[in-house]
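Working notes for the structure below.
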Protein chains: 2
Amino acid sequence: MDTEFDSALARKLNSFVEMSKDERGILVDLQSNRITFKRGQALIEQGQAAHEAFFLQSGWGCNFKMLPDGGRQVIRFPIPGDCIGLRSILLRTSDHSCSALTDVVVAAVEAPRMLEIMNKYPRLGAAFLWSVSQDAAMVVEHLVSIGRRSAKEGLAHFILELTERLKLVGLATEAQFEHPLNQSIIADALGVSEVHVNRILRELREQNLLTLREGKVNILDLSGLQKLAGYRSLQIGRDKIDYA
Amino acid sequence: MDTEFDSALARKLNSFVEMSKDERGILVDLQSNRITFKRGQALIEQGQAAHEAFFLQSGWGCNFKMLPDGGRQVIRFPIPGDCIGLRSILLRTSDHSCSALTDVVVAAVEAPRMLEIMNKYPRLGAAFLWSVSQDAAMVVEHLVSIGRRSAKEGLAHFILELTERLKLVGLATEAQFEHPLNQSIIADALGVSEVHVNRILRELREQNLLTLREGKVNILDLSGLQKLAGYRSLQIGRDKIDYA
DNA sequence: CGACGCTTTGACACAACTCAACAACCGTGG
DNA sequence: CCACGGTTGTTGAGTTGTGTCAAAGCGTCG
C-alpha cells in the first residue's frame with residue numbers, strides 16, 4: 001500500500017478527510033523541496049517574519065520560547081509527519097523558535113504557496129486547520145501538565161504522550177523508543193529545573209516505572225505510569241469527518 | 001462605519017483578510033442563531049461530541065479541563081468576539097469544557113454548517129484557521145507563563161494580556177476593567193492555589209502595581225507591571241496578509 | 001592527556017501548598 | 001427584623017516540593 005510518495009503527512013491528513021487524487025498530488029508536490037538542517041541549527045527564529053512552513057520528514061525538532069531573563073520553555077518536540085511553522089505563517093511572524101534537535105530533513109513550502117493552496121483546495125485547507133487544531137490540543141494538554149500536575153506526574157505524562165505519537169509514525173514500540181533528549185531540555189519542557197528532572201528520573205527508575213538513559217526510554221510498567229499520570233490516550237484519527 | 005451587522009467577529013476576521021460583501025453576508029448569517037446561557041451553565045462538556053461552535057456576543061466564558069483527581073486547569077477566558085469550540089468541531093470531540101462565567105449571549109453554528117462554509121468560502125476558512133492559530137498562540141504564551149514565570153510574574157502577565165484583549169473589544173480602558181473572576185478561578189488559571197493568589201494580590205497591591213476587588217481591576221503602574229511580567233504586546237492585526 | 005557535555009548527588013533556601021480559622025458579604029426564610 | 005448558611009476573601013503556622021549552588025563522576029573526542 002505504501003509508496004514512496006505516500007508520505008507521513010498524507011497519511012496524517014488522510015485520517016481527517018479522504019483525499020482525492022488531485023489533492024494527494026498536491027501533497028506530494030508540496031513536499032518536493034527537501035532541505036537538510038544540521039543538529040542545533042535554527043529552522044525558525046522567534047520574532048522574525050515567517051517565510052515558510054516545514055514538514056518534518058526525519059529527525060527531531062524542538063519548538064521553544066525564550067524569556068527576557070534567559071529562561072526557556074519548550075512547547076513541543078516535532079517528530080516526522082509534523083508541521084512546523086504553519087501557525088506562524090498565518091500570524092505573519094513567529095512567536096517561537098524551532099531548532100533541529102538532531103540532523104533533520106524537512107520539506108519547505110513558501111508562505112504564499114501555502115496560502116494559494118488553501119485557497120484553491122479548501123479541503124486541504126480544512127485538513128491543515130484540523131492539523132493545527134490537533135497541535136493546539138496537545139499544547140493545551142501540556143498546559144494542564146505543567147499547571148496542575150506535579151513534576152513527577154508531568155514527566156510520566158510527557159513520556160506516555162511522546163510514546164503514543166512516536167508509535168503513530170512507527171518510531172516506538174509498545175515499551176520503548178530512542179530519542180535525542182537530555183535532562184536539561186526535558187526540564188525546559190516540563191518547566192522545572194534540570195536537577196529536579198534528574199531526581200524524578202531516579203524515583204521513576206527506583207519504582208520500576210521507566211528508565212531513560214543513553215538516548216533510550218524503556219517503559220517498565222505501562223499501567224503504573226498511566227495511573228500516575230492520569231493519562232488518557234490521544235485518540236487521533238478514530239473515524240473520518242463527514243466533510244462535504 | 002459600524003452597523004448593526006458589523007459584528008466583533010467580522011471586525012476580527014477582517015483584520016486578517018479584507019472580506020468581500022458575500023463573505024460579510026455569510027458572517028452575518030452565521031451569527032443569526034442567538035442563544036442565551038445563564039451564569040454557571042455549560043456550553044461544552046469535556047469528552048462529549050462537539051455538535052456546534054459558538055461565537056460569543058456578550059459576557060465571559062471559561063474554558064477549562066478537569067483532572068481525574070478533581071483538579072481544574074483554566075485554559076482561557078473567552079470574551080466577546082471570541083470563538084468557542086471551533087477546534088472541537090474539527091477534532092470531533094471536545095478535549096475541554098466551557099461554561100458561562102456570567103450570563104452570556106452566543107451565536108451557535110452547527111458543525112456541518114461550519115464545514116460547509118469552509119468548503120464554499122476558502123477565504124473564510126483561512127480566516128478561521130488564522131483565528132484558531134491566534135488562540136493557539138495565546139495558549140502557548142499561557143504555557144510559558146505557567147512553566148517559566150513565578151506566580152507573581154504570571155499573574156501580572158495574565159492581567160496585562162486580559163487588559164489588552166478587552167481593550168480590543170472596547171471592554172477595558174487603559175487602566176481598568178470589570179470582570180467576573182474570583183480568586184479561586186484565577187488560581188486555576190495560573191496553576192497555583194487559591195490562598196497563594198490572595199497573597200500575591202496583596203503584594204501587588206502593597207507595591208502599588210494593581211488592585212483587584214469587587215469585580216474591578218485597576219492598573220496602578222503599567223510600566224512596573226510590564227517590567228515585572230516581561231510583557232510583550234499581543235501585536236494582533238498589524239497589517240493584513242496578502243491572500244490571493 | 002585535558003576539555004567538554006552530561007549526569008548524579010548533597011546541603012540548604014525559598015516558593016508554594018495545606019490546613020485551619022475567621023471575617024465580610026450576600027440572599028433567604030422564619 | 002434578625003438568624004442562617006453559603007460564598008468569597010484574608011491571615012497564620014507548619015509542611016513539602018522544587019530551586020540554587022556546588023562539587024564530583026564519567027563518557028567522548030580532539
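Chain letters run A, B, ... following the sequence lines, proteins first, then strands; residues in each count from 1.
Taken from OG in S145(B) to NZ in K65(A), the straight-line distance is 9.5 Å, to the nearest 0.5 Å. How far CD1 of I219(A) is from CG of L160(A): 5.5 Å, rounded to the nearest 0.5 Å. The CD atom of E141(A) sits 6.5 Å away from atom CD of E161(A), with the distance rounded to the nearest 0.5 Å. To the nearest 0.5 Å, the span separating CZ on R205(B) from CD1 on I200(B) amounts to 12.0 Å.
Under a cut-off of 6.0 angstrom, the local environment of NZ in K167(A) is crowded, with over 12 non-hydrogen atoms contributed by other residues, nucleotides or ligands. A 6.0 Å sphere centred on CZ of R34(B) holds more than 12 heavy atoms belonging to other residues, nucleotides or ligands. Few gaps surround CD on E206(B); more than 12 heavy atoms of other groups in view lie less than 6.0 Å from it.
The base of dG19(D) sits within donor-acceptor range of the side chain of R199(A), with an N or O pair under 3.5 Å.
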message: Under the criterion side chain to side chain contact (heavy atoms under 4.5 Å, CB included), I'd like the reasoning laid out for L166(A) against I79(A): C-alpha separation, chi angles, the key distance, then a yes or no.
response: CA-CA 7 Å; L166(A) 288 165; I79(A) 57 173; 3.7 Å; yes
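At a cut-off of 3.5 Å, with distance as the only test, a side-chain donor of Y231(B) or E164(B) sits close to an acceptor on the other residue.
Using modelled atom types, one side-chain atom of S150(A) and one backbone atom of E153(A) make a donor-acceptor pair closer than 3.5 Å. With hydrogens and angles disregarded, a donor-acceptor distance shorter than 3.5 Å links the side chain of H142(B) to the backbone of I75(B).
Taking atom CD of residue Q183(A) and atom C1' of nucleotide dG19(D), one finds them 16 Å apart after rounding to whole Å. Look at CD1 on I185(B): it is 11 Å from P on dG9(D), rounded to the nearest Å. Atom pair N198(A):CG and dC21(D):P shows a separation of 18 Å (rounding to whole Å applied).
Residues from residues 188-196 of chain A with heavy atoms under 4.0 angstrom of DNA chain C, sorted by number: E194(A), V195(A). A heavy-atom distance below 4.0 Å to DNA chain C is reached by none of the residues of residues 201-219 of chain B.
Taking a heavy-atom distance under 4.0 Å as the criterion, the stretch of DNA chain C touched by chain B extends 5' to 3' from dA16(C) to dC19(C).
Within the nucleic acid shown, N182(A) comes within 4.0 Å of sugar-phosphate atoms alone, with no base atom in reach, counting heavy atoms only.
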